[in-house]
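A short write-up of the structure that comes next.
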Protein chains: 2
Amino acid sequence: MAVRLKDVALLAGVSVKTVSNVINGYPHVSATTRAKVEAAVEQLDYRPNLQARSLRTGRTGVIALGVPRLDEVYFAEVAAHVIEAADRLGLTVLVEQTDGERQRELEVLSGIRPGLVDGVILSPLGLLREDIEQTARRTPVVMLGEHVTDSTVDHLRIDNVKAAARLTHTLLAAGRRRIAVVGTPTERHVSAARLRLAGYERAHEELGIPWHEELWAPAANYRRADGAAAIHRLVEAGAPFDAVFCFNDLLALGALAALRQHGVRVPEDVAVGGFDDIDECAYSVPTLTTVSPDKVQLAVRAVHTLHARLSGVEESPDPDVPFVVVERDSTAGDR
Amino acid sequence: MAVRLKDVALLAGVSVKTVSNVINGYPHVSATTRAKVEAAVEQLDYRPNLQARSLRTGRTGVIALGVPRLDEVYFAEVAAHVIEAADRLGLTVLVEQTDGERQRELEVLSGIRPGLVDGVILSPLGLLREDIEQTARRTPVVMLGEHVTDSTVDHLRIDNVKAAARLTHTLLAAGRRRIAVVGTPTERHVSAARLRLAGYERAHEELGIPWHEELWAPAANYRRADGAAAIHRLVEAGAPFDAVFCFNDLLALGALAALRQHGVRVPEDVAVGGFDDIDECAYSVPTLTTVSPDKVQLAVRAVHTLHARLSGVEESPDPDVPFVVVERDSTAGDR
DNA sequence: TTGTAAGCGTTATCAA
DNA sequence: TTGATAACGCTTACAA
């Protein structure tokens, strides 16, 4: 029922090979033959069967993107850019949600649909160091976000220590001296959380300012509700604080809501900073100061790096993606 | 290099067909043979080549999801649920972004990668009625969101007229009498916008309350910035209003920000309502009253409907997906 | 420049 | 219950 290469060849009065040549832009085809074939393709509305093609070539033109969840805005924004960049290179993107679980991340790495995917872009959360070394051999992989540095796998990320230190300095420069930390556990092997905490500590050390263990407010996850819960616990615990450093924007936005409920003014009483610069930061009350990674560059470079690998390029990319700290109302004014 | 069916057969000392039978759960296989084959599969870590399989069967287990953009939160939330539901049925989801453009929506319908996708779930914005009739023949399609009702294509949506009327009634019941409308153009053939406007008008008619042309504030698109811009224009035009009915939550959140800039209090001076119930509505200042469609049901039913079609079921689903109006602070208190 | 024919890894037909 | 063998639609040596 579907039109096949053979049908086109029959109509054009040439062999399948010739049709194939025309379709694949093989240069040594006479103009007249080409015209005949193209007419036949047009007339029959022929579309190559990609299954057959990739069975033959071993390439599919499909890449997988693995993120924790798409409804965490940051990942949706990154995914949007990845899909767009892939599209420009003629690649199609298959999206997998891992929930940040190690097992599911491993599945993405080893290819949910083996052979269906030429390569993988993964934003890992639960993966262990040894996992990465072991699995990433089969299909080319580009990791997004933080990562053990001695690995040979391509990865892209902002310098989290530096970014966290920069954000912390912003708070310290405004006279804040008791900066609470709302973040996810820092024990994981592959962990932006750990590095953000390190940056927080480094900034304090650089100015010789002490930080306080009791201002660590762990969050179970990276969502608004977790940020709000962390603040509630902190307020109830009674330790005073004049700023909150959050490991991402959703936590920070949840923190803003919780602080408001407790009658705490932001930024007058407490300043708040986050990470990711999701769209909402410019519209929250107050607007949110945050570390803004260049998401477009992150996505575009990830796709291009993968594409290069697929084309046999052996060169590893510079992992650094630029960022800036965008200062908004949540950190305005000195203490 | 890759392990093939043949290799397994060789090791197990049986034919390829037998291995294939075991893998596909064909019942008439002796226990001993099955065991032998399974051992060989295990030993070689055999994974079927899906390219070859789908070349043979004509099915890929991949479905496409077409949405305007993933960084519009509502679509990211729906996509998250679609991917999850598909996953449970063993389907993988390929995400396409259309930007709401007719041409790109057509491409999704006709299959970006023909043959790679068994079916399509599409949330159309720019599509015309005739497009739908013509293109949806090739691969099974489920449409998400509003849609011409006389079409034969499966579709799922909330009753937009009813939902809009319900939201408008909420505003009218609170004593609001000059309700501005922030929305996208209503001329499109496939248009939730038109129906939402119709619901707005119907609610007024039901109570014999007039509405005012000058309170129509068109937005170019469905984003925060568009909602803010619409409010700015409205305020500058000088026509008084005591409520804003927005075609989606992002517009409403943008409106909240703009109203705040103009020193207008919400809900005391102006009440605000939206559509979609994205996560942020529960955290904005004030929290946002909105039409909350059952997104999980929408996604799950879309996937199941498509799955049924792929299995040859001819039955069309009930297009209605339930919704509720969630009343929050942005409409609290009487005028 | 074009054609012939083999083969990618799987499933399906049929016979044993 | 199992096994040869022929497709599925395409690309690619190699030959013409």
Side-chain angles (χ1 to χ4, degrees), chain A residues 1-41 44-62 90 111 113-118 138-139, chain B residues 1-41 44-62 90 111 113-118 138 310:
Chain A
M1 29 180 61
V3 181
R4 292 152 8 245
L5 213 50
K6 197 205 275 186
D7 303 319
V8 178
L10 215 63
L11 179 62
V14 298
S15 77
V16 269
K17 177 58 173 43
T18 305
V19 180
S20 175
N21 281 342
V22 171
I23 293 193
N24 295 303
Y26 182 70
H28 306 292
V29 179
S30 77
T32 52
T33 312
R34 180 180 302 276
K36 266 194 302 189
V37 171
E38 278 168 352
V41 164
L44 297 175
D45 189 25
Y46 168 75
R47 294 152 158 268
N49 178 317
L50 300 180
Q51 251 48 51
R53 174 179 290 173
S54 59
L55 172 59
R56 190 57 237 229
T57 60
R59 296 271 298 268
T60 65
V62 176
R113 306 200 150 260
L116 173 53
V117 153
D118 290 341
R138 309 191 200 216
T139 47
Chain B
M1 27 182 67
V3 181
R4 288 144 19 236
L5 215 48
K6 197 204 275 185
D7 304 319
V8 179
L10 216 63
L11 179 62
V14 297
S15 80
V16 265
K17 182 61 192 3
T18 303
V19 180
S20 175
N21 282 341
V22 171
I23 294 198
N24 294 302
Y26 181 70
H28 305 292
V29 179
S30 76
T32 52
T33 312
R34 180 180 302 276
K36 265 194 302 190
V37 171
E38 279 168 351
V41 165
L44 297 175
D45 188 26
Y46 167 75
R47 295 153 159 266
N49 179 318
L50 300 179
Q51 252 46 53
R53 174 179 289 175
S54 59
L55 172 58
R56 191 57 241 227
T57 60
R59 297 270 299 267
T60 63
V62 177
R113 306 202 152 258
L116 173 53
V117 152
D118 289 341
R138 310 190 199 216
L310 296 177

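So you know, we letter chains A, B, ... as the sequences are listed, proteins then strands, and number each from 1. Computed over heavy atoms, backbone and side chain alike; hydrogens, waters and symmetry mates excluded.
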Test side chain to side chain contact (heavy atoms under 4.5 Å, CB included) applied to Val117(A) and Thr139(A), step by step: CA-CA 8 Å; Val117(A) 153; Thr139(A) 47; 5.5 Å; no
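The CD1-P distance, from Ile23(A) to dT12(D), rounds to 13 Å in whole Å. Rounded to whole angstrom, the span from the CG atom of Asn24(A) across to the P atom of dG9(D) amounts to 17 Å. Rounded to an integer number of Å, the gap from CG of Leu116(B) to P of dC10(D) is 15 Å. In this structure, Leu5(B) places its CG atom 19 Å from P of dC8(D), rounding to the nearest Å.
Think of the region where chain A sits on DNA chain C: with heavy atoms and a 4.0 Å cut, that region ends 5' and 3' at dT1(C) to dG9(C).
For DNA chain D, the residues of residues 14-22 of chain A within the heavy-atom distance limit of 4.0 Å (strictly under) are Lys17(A), Ser20(A), sorted by number. Of the residues in residues 44-60 of chain A, those placing a heavy atom less than 4.0 Å from an atom of DNA chain C are Leu55(A), Arg56(A), in numerical order.
Contacts of Leu10(A) classified as side-chain contact (heavy atoms from CB on, under 4.5 Å), with partners at least two apart in sequence or in another chain: none. In terms of the side-chain hydrogen bond (donor to acceptor under 3.5 Å, both in side chains) criterion, Thr57(A) has no residue partners (sequence neighbours excluded). Every side-chain contact (heavy atoms from CB on, under 4.5 Å) that Val14(A) has, sequence neighbours left out, goes to Ala12(A), Thr18(A), Val19(A), Thr33(A), Lys36(A), Val37(A). Partners of Lys17(B) by side-chain hydrogen bond (donor to acceptor under 3.5 Å, both in side chains), not counting sequence neighbours, listed by chain and number: Asn21(B). Asp45(B) meets the side-chain hydrogen bond (donor to acceptor under 3.5 Å, both in side chains) test with no other residue; sequence neighbours excluded. Evaluation of the side-chain contact (heavy atoms from CB on, under 4.5 Å) rule for Leu55(B) yields Asn49(A), Gln51(A), Ala52(A), Leu55(A) as partners, not counting sequence neighbours.
When the local axes at the two ends of the helix from dT1(C)-dA16(D) to dA16(C)-dT1(D) are compared, using 5 base pairs at each end, they differ in direction by 30° after rounding to 10°.
Counting only distance, with no hydrogens or angles, the side chain of Ser20(B) and the backbone of Val16(B) share no donor-acceptor pair below 3.5 Å.
Contact check for Ile23(B) versus Leu5(B): side-chain heavy atoms found under the 4.5 Å cut-off. Looking at Val8(B) and Val3(B), their side chains come closer than 4.5 Å, going by heavy atoms from C-beta outward.
Taken from OH in Tyr46(B) to CG in Leu44(B), the straight-line distance is 10.5 Å, to the nearest 0.5 Å.
Applying the salt bridge (charged side-chain N to carboxylate O under 4.0 Å, His left out) definition to pairs two or more places apart or across chains, those involving residues 51-61 of chain A are Arg59(A)-Asp118(A).
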